[in-house]
Amino acid sequence: MREQQHDNTTDHTLPTRRERLRAFTKLKSQRQLLTGGIAIFGAAALTLGGALWQQDQTPDVVKLGKGVASVDAQPIAALDPVATVPSDTTAPDPTPSASESPIGSGEASYYGNELTGNRTASGEIFDPSRLTAAHRTLPLGSEVRVTNPNNGRSVVVTINDRGPFHGNRVIDLSTAAASAIGLIRSGTGRVSLALLMD
């Protein structure tokens with residue numbers, strides 16, 4: 001009977017020092033794991049947030065030959081005054097002729113002047129003051145009328161490079177071509193394209 005009473009009293013006693021130390025060590029390691037997990041999660045969130053913020057601050061870039069060019073985030077003041085369209089390159093009447101074949105419409109962008117002198121896919125040297133453009137599939141040397149439906153202005157460009165390689169854009173214009181149809185201020189804009197037949 002005495003032995004049975006002794007067993008009942010041991011159920012209500014405090015844990016031994018060893019048991020307390022073991023429980024404390026286990027809690028400490030769990031706390032360290034939790035703190036480490038929170039730190040890793042916080043670092044990942046900061047990295048992702050920084051990447052998203054930087055993506056919004058980064059200009060859209062297109063490939064030009066072996067280089068790249070900014071097409072969206074270029075301030076108007078940074079444009080080279082030489083890149084304006086000379087009076088002798090003014091586009092003809094925007095009304096399509098019988099020798100033109102409409103090939104669709106879409107978003108257009110333009111090359112910046114920082115790639116002046118780089119080689120294009122056709123082997124020509126890029127000159128932002130010439131009426132040239134990049135297209136994904138049209139044969140190099142093709143002539144295309146690009147029309148801005150917002151203002152009715154059009155320009156005939158020669159395809160001398162491949163692109164655009166960004167989003168749903170259908171053509172990348174030289175600075176002179178973009179200026180001719182009024183795309184410099186916006187950087188991009190909707191255009192319609194027509195292939196000129198020989």
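All values reported here derive from a predicted model rather than from experimental measurement.
Nearest heavy-atom pair across Ser179 and Ile184 is CA-CG1, 3.5 Å. When all heavy atoms of Tyr110 and Ala178 are compared, the closest pair comes out as CB-CB, 3.5 Å. Ser142 approaches Leu195 most closely through the heavy-atom pair CB-CD1, 3.9 Å.
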Please tabulate, for side-chain N and O atoms in residues 26-50, each donor-acceptor pair with protein atoms closer than 3.5 Å (sequence neighbours left out).
{"unit_1": "Ser29", "atom_1": "OG", "unit_2": "Thr25", "atom_2": "O", "d": "3.4"}
{"unit_1": "Ser29", "atom_1": "OG", "unit_2": "Lys26", "atom_2": "O", "d": "2.9"}
{"unit_1": "Thr35", "atom_1": "OG1", "unit_2": "Arg31", "atom_2": "O", "d": "2.8"}
{"unit_1": "Thr47", "atom_1": "OG1", "unit_2": "Ala43", "atom_2": "O", "d": "2.8"}

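Taking Ile125 as the reference, Arg119 meet the side-chain contact (heavy atoms from CB on, under 4.5 Å) condition, with sequence neighbours excluded. Legend: residues meeting side-chain contact (heavy atoms from CB on, under 4.5 Å) with Asn150, ordered by chain and number and at least two apart, are Asn148. Under the rule for a side-chain contact (heavy atoms from CB on, under 4.5 Å), the partners of Thr16 that lie at least two apart in sequence or sit in another chain are Arg18, Glu19. Residues passing the side chain to side chain donor-acceptor pair (under 3.5 Å) test with Ser122, sequence neighbours excluded: Thr120. Partners of Glu107 according to the salt bridge (Lys or Arg N to Asp or Glu O under 4.0 Å) rule, which considers only residues two or more places apart in sequence or in another chain, do not exist here. For the side-chain contact (heavy atoms from CB on, under 4.5 Å) test, residues two or more places apart in sequence or in another chain that qualify with Arg17 are Arg20. Checked against side chain to side chain donor-acceptor pair (under 3.5 Å), Ser105 has the following partners two or more places apart in sequence or in another chain: Arg190.
Considering Asn118, Asp161, Thr175 in turn, Asp161 is the only one that fulfils the side-chain hydrogen bond (donor to acceptor under 3.5 Å, both in side chains) rule with Tyr111.
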Check: Going through the checks in order, is the side chain to side chain contact (heavy atoms under 4.5 Å, CB included) test met by Thr147 and Arg145?
Finding: CA-CA 6 Å; Thr147 305; Arg145 182 186 300 279; 3.9 Å; yes
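Sorted by first and then second residue, the salt bridge (Lys or Arg N to Asp or Glu O under 4.0 Å) pairs involving residues 126-141 (not counting sequence neighbours) are Glu124-Arg130.
Within the 3.5 Å criterion, the main-chain N or O of Ala108 finds no donor-acceptor partner in the side chain of Asp172.
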